[in-house]
*Asks:* 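Could you have a look at this structure, given as structure tokens, before my questions?
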Amino acid sequence: MSDHTKVLIIGAGPAGYTAAIYAARANLKPIQLLGPQPGGQLTITTDVENYPGFKDVIQGPWLMEQMHAQAAHVGTDMRYESVINVDFSKRPFSVTSDTPTSYTADTVIIATGAQAKWLGLESETYFRGYGVSGCATCDGFFFKDKNVAVIGGGNSAVEEAIYLTNHCAHVTLIHRRDSLRAEKIAQDRLFKNPKVSVIWDTAVEEFLGVDKPFRSLTGLKLKNLKTNAISEHKFDGAFVAIGHSPMNEPFKDCLACDTEGYIITTAGSTATSVSGVFAAGDVQDKIFRQAVTAAGQGCMAALEAEKLLSH
């Protein structure tokens, strides 16, 4: 089976849903492939207080449900499928999903987002959800008055460490180097906070914990990268904050990407290296990575697709 559409939207976070809303209202009858996690990273984010239009704190999953409902209401054809292969070498573009249905499209909007990076340790996987987390805003509340560690040295790590001081008794930042990569203003806030300490030149060797009476993290085994000294430290929780990876797997061989895998778009545009293919949100934005900027880029992508189709 094969379906054709003027606009095929791949992904379903703020960028994908906003693109769908604009494309549907332009009567382009878009098809949207929602992917493995409709709603993206906001579905694992609890409190959202920086999305315009809400004076009170809202919940990330609720915001995504509202965007989904709005896109469906204006006529988006939504399908719970994931893309496994694309062919952008000729028109119409061809897209294969994980179902018997394949697609051809005059334009494609990629809005697959990004996902948190992990250290890749077996013990990290074992204790993920049992004391190991990749989202402070999601799980920080569960560590109220506890001692936790944050692993990383960039903006994400510093911001998460500062956020966690609102809940935790003490936060220890663990970084592989002897200086942070985060913005200077964020570093100043971190170093001035009496509830934060830093362990430099150190990597996590193992996440330590117990299985009984229930699985839970109890600490970290650390290695000093200058002296090779091994030490163990007690922590009630650990937050891995070493950045994100763009979810670009089906597209990385047919679109220009930077060294980190983010899809390259033209300045002031969502246009990619292939005419008629647009990218919006975290799959191409490694600087801002906010719901509101992703939504704005989704709007841009839909308007640019509409303009191209009208010509």
*Asks:* Show the nearest heavy-atom pair for residues Thr112 and Met247, with the distance to one decimal.
*Replies:* OG1-O, 2.7 Å

*Asks:* Does a side-chain heavy-atom distance below 4.5 Å link Ile230 with Leu222?
*Replies:* no

*Asks:* Mind checking whether Asn155 and Arg181 have side chains closer than 4.5 Å, heavy atoms only?
*Replies:* no

*Asks:* For residues Leu63 and Phe54, determine if any side-chain heavy atom of one lies less than 4.5 Å from a side-chain heavy atom of the other.
*Replies:*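 The answer is yes, as the side chains (C-beta and beyond) meet within the 4.5 Å cut-off.
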
*Asks:* Heavy-atom count check: over 12 atoms from other residues, nucleotides or ligands less than 6.0 Å from Phe191 CZ?
*Replies:*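 Correct, the count exceeds 12.
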
*Asks:* Ignoring hydrogens and geometry, is there a side-chain-to-backbone donor-acceptor pair from Gln290 to Phe288 under 3.5 Å?
*Replies:* yes

*Asks:* Spell out, as yes or no, whether a donor-acceptor pair under 3.5 Å connects the side chain of Thr165 to the backbone of Lys195.
*Replies:*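 Checking the backbone N and O of Lys195 against the side chain of Thr165, no donor-acceptor pair under 3.5 Å is found.
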
*Asks:* Membership question, hydrophobic clusters at under 4.5 Å side-chain separation (ILVMFWY): are Tyr17 and Ile109 in the same one?
*Replies:*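 Each belongs to a different hydrophobic cluster.
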
*Asks:* Under 4.5 Å between any side-chain heavy atoms of Pro14 and Met67, yes or no?
*Replies:* yes

*Asks:* Write out all pairs satisfying salt bridge (charged side-chain N to carboxylate O under 4.0 Å, His left out) with one or both partners inside residues 214-225, taking only residues at least two apart or from two chains.
*Replies:*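 Sorted pair list: Glu206-Lys221.
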
*Asks:* Is the side chain of Glu81 donor-acceptor paired with the backbone N or O of Ser97 at a distance under 3.5 Å, no angle test?
*Replies:*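 Pair absent, no side-chain N/O of Glu81 close to backbone of Ser97.
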
*Asks:* For Tyr22, I'd like to know if atom OH has over 12 heavy atoms of other residues, nucleotides or ligands within 6.0 Å.
*Replies:*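 Result for OH/Tyr22: open.
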
*Asks:* For the pair Thr76 and Gln32, evaluate side-chain hydrogen bond (donor to acceptor under 3.5 Å, both in side chains) and give the outcome as yes or no after the intermediate values.
*Replies:* CA-CA 7 Å; Thr76 304; Gln32 184 175 18; 5.1 Å; no

*Asks:* CG of Asp87 to SG of Cys254: how many Å apart, nearest 0.5 Å?
*Replies:*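 Reported value, rounded in 0.5 Å steps: 8.0 Å.
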
*Asks:* In a check of side-chain contact (heavy atoms from CB on, under 4.5 Å) between Trp200 and each of Leu173, Ile174, Leu180, which one passes?
*Replies:*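 Filter result, single survivor: Leu180.
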
*Asks:* What do you reckon, is NZ of Lys117 surrounded by more than 12 foreign heavy atoms closer than 6.0 Å?
*Replies:*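 Counting other residues, nucleotides and ligands, NZ of Lys117 exceeds 12 neighbours.
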
*Asks:* Mind checking whether Trp118 and Tyr126 sit in one hydrophobic cluster, side chains of I, L, V, M, F, W, Y counted as touching below 4.5 Å?
*Replies:* yes

*Asks:* Does the side chain of Cys168 reach to within under 4.5 Å of the side chain of Lys144, using non-hydrogen atoms?
*Replies:* no

*Asks:* For atom CZ of Phe141, is the number of surrounding heavy atoms from other residues, nucleotides or ligands below 6.0 Å larger than 12?
*Replies:* no

*Asks:* Which value, rounded to the nearest 0.5 Å, describes the distance between Arg91 atom CZ and Thr107 atom OG1?
*Replies:*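 Arg91 atom CZ to Thr107 atom OG1 measures 8.0 Å (nearest 0.5 Å).
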
*Asks:* Do Glu306 and Leu28 touch side chain to side chain, with heavy atoms closer than 4.5 Å?
*Replies:* yes

*Asks:* For Glu124 and Gly120, indicate whether the former's side chain and the latter's backbone hold a donor-acceptor pair under 3.5 Å.
*Replies:*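 Yes, because the side chain of Glu124 sits within donor-acceptor range (under 3.5 Å) of the backbone of Gly120.
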
*Asks:* Between Ser275 and Leu308, what is the shortest heavy-atom contact and its length?
*Replies:* OG-CD1, 3.9 Å

*Asks:* Trp62 and Met64: same hydrophobic cluster, using ILVMFWY side-chain contacts below 4.5 Å?
*Replies:* yes

*Asks:* So, Ser310 side chain and Lys307 main chain: donor-acceptor pair closer than 3.5 Å or not?
*Replies:* yes

*Asks:* So do Val148 and Thr172 actually touch side chain to side chain, heavy atoms under 4.5 Å?
*Replies:*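 When only atoms from C-beta onward are counted, Val148 and Thr172 do not touch, as no gap falls below 4.5 Å.
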
*Asks:* Does Val132 share a hydrophobic cluster with Leu119, counting links as ILVMFWY side-chain heavy atoms below 4.5 Å and allowing steps through other members?
*Replies:*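 Yes; tracing contacts between hydrophobic side chains, which count when under 4.5 Å, links both residues.
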
*Asks:* Could you tell me which non-hydrogen atom of Tyr262 sits nearest to which non-hydrogen atom of Asp282, and how far apart they are?
*Replies:* CE2-O, 3.2 Å

*Asks:* How many angstroms lie between atom CZ of Phe207 and atom OG1 of Thr218, to the nearest 0.5 angstrom?
*Replies:* 12.0 Å

*Asks:* Check the pair Asp98 / Tyr80 against side-chain hydrogen bond (donor to acceptor under 3.5 Å, both in side chains), numbers first and verdict last.
*Replies:* CA-CA 10 Å; Asp98 56 358; Tyr80 289 87; over 6 Å; no

*Asks:* Can you confirm whether more than 12 heavy atoms, excluding those of Glu260, are under 6.0 Å from its CD atom?
*Replies:* yes

*Asks:* Closer than 3.5 angstrom, by distance alone: can the side chain of Ser273 be matched with the main-chain N or O of Ala256 as a donor-acceptor pair?
*Replies:* yes

*Asks:* Could you tell me whether a side-chain N or O of Asp178 sits under 3.5 Å from a main-chain N or O of Asp201, the two making a donor and an acceptor?
*Replies:*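 No, because the side chain of Asp178 does not come within donor-acceptor range (under 3.5 Å) of the backbone of Asp201.
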
*Asks:* Return the minimal non-hydrogen interatomic distance between Ala280 and Ala301, and the atom names on each side.
*Replies:*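 The answer is CB-CB, 4.2 Å.
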
*Asks:* With a 4.5 Å limit on heavy-atom distance, are the side chains of Val7 and Asp106 in contact?
*Replies:*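 Heavy-atom side-chain distance check fails, nothing below 4.5 Å.
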
*Asks:* To the nearest 0.5 Å, tell me how far Ser269 OG sits from Glu304 CD.
*Replies:*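 If we round to the nearest 0.5 Å, Ser269:OG and Glu304:CD are 3.5 Å apart.
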
*Asks:* To check you understand the geometry: which heavy-atom pair defines the closest contact between Val150 and Ala157, and what is its length?
*Replies:*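 Result for this residue pair: CG1-O, 3.6 Å.
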
*Asks:* Between His170 and Ser197, is there a side-chain donor-acceptor contact under 3.5 Å, judged purely by atom types and distance?
*Replies:*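 Judged by distance alone, the side chains do pair up.
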
*Asks:* State whether the number of non-hydrogen atoms from other residues, nucleotides or ligands found under 6.0 Å of Arg25 atom CZ is greater than 12.
*Replies:*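 Counting neighbours around CZ of Arg25, 12 or fewer heavy atoms of other residues, nucleotides or ligands fall under 6.0 Å, so no.
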
*Asks:* Go through the steps to decide whether Val158 and Ile162 satisfy the test side-chain contact (heavy atoms from CB on, under 4.5 Å), and finish with yes or no.
*Replies:* CA-CA 6 Å; Val158 170; Ile162 294 171; 3.9 Å; yes

*Asks:* Verify the ring-centre separation between Phe214 and Tyr130: is it less than 6.0 angstrom?
*Replies:* no

*Asks:* With a 6.0 Å cut-off (strictly less than), is the heavy-atom count around CZ of Arg189, excluding the residue itself, greater than 12?
*Replies:*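 No, the 6.0 Å shell around CZ holds no more than 12 heavy atoms from other groups.
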
*Asks:* To the nearest 0.5 Å, tell me how far Leu42 CG sits from Glu65 CD.
*Replies:*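 These two atoms lie 12.0 Å from each other.
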
*Asks:* Counting N and O atoms only, with roles assigned by atom type, does the side chain of Thr5 sit under 3.5 Å from a partner on the main chain of Lys29, one being a donor and the other an acceptor?
*Replies:*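 Yes, the answer is positive, given that a donor and an acceptor are paired below the 3.5 Å cut-off.
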
*Asks:* Between Lys184 and Asp188, does any side-chain N to carboxylate O distance fall below 4.0 Å?
*Replies:* yes

*Asks:* By the rule that ILVMFWY residues connect when side-chain heavy atoms come within less than 4.5 angstrom, directly or transitively, which residues belong alongside Val277?
*Replies:* Leu8, Ile10, Ile31, Leu33, Val83, Val86, Phe88, Phe93, Val95, Tyr103, Val108, Ile110, Phe251, Leu255, Ile263, Val274, Val283

*Asks:* In the single-linkage hydrophobic clustering (I, L, V, M, F, W, Y; side-chain heavy atoms under 4.5 Å), do Ile242 and Val171 co-cluster?
*Replies:*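 Different clusters: Ile242 never reaches Val171 through Ile, Leu, Val, Met, Phe, Trp or Tyr contacts under 4.5 Å.
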
*Asks:* Evaluate the side-chain hydrogen bond (donor to acceptor under 3.5 Å, both in side chains) criterion for residues His233 and Ser231: first the C-alpha distance (whole Å), next the side-chain angles of each, then the deciding distance (0.1 Å), finally the verdict.
*Replies:* CA-CA 7 Å; His233 301 256; Ser231 59; 2.9 Å; yes

*Asks:* Just to verify, which of Gln115, His244, Arg289 counts as forming a side-chain hydrogen bond (donor to acceptor under 3.5 Å, both in side chains) with Gln41?
*Replies:* His244

*Asks:* With a 3.5 Å distance limit and no angle check, can you tell me whether Asn248 reaches the backbone of Lys252 through a side-chain donor-acceptor pair?
*Replies:*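 No: the side chain of Asn248 does not pair with the backbone of Lys252.
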
*Asks:* To check you understand the geometry: which heavy-atom pair defines the closest contact between Ser94 and Thr104, and what is its length?
*Replies:* OG-CG2, 4.3 Å

*Asks:* Above 12 or not: heavy atoms from other molecules or residues under 6.0 Å from OH of Tyr51?
*Replies:*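 Atom OH in Tyr51 is crowded, with more than 12 foreign heavy atoms closer than 6.0 Å.
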
*Asks:* Can a donor-acceptor pair be found between the side chains of Thr43 and Gln37 at a distance below 3.5 Å?
*Replies:* yes

*Asks:* Would a distance-only check, ignoring hydrogens and angles, find a side-chain to backbone donor-acceptor pair under 3.5 Å from Asp139 to Ala136?
*Replies:*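 No.
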
*Asks:* What's the spacing between Ser123 OG and Arg128 CZ if we round to 0.5 Å?
*Replies:*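 Between atom OG of Ser123 and atom CZ of Arg128 there are 10.5 Å.
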
*Asks:* Between Thr270 and Gln297, do the side chains contain a donor N or O and an acceptor N or O under 3.5 Å apart?
*Replies:*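 Absent: no donor and acceptor within the cut-off.
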
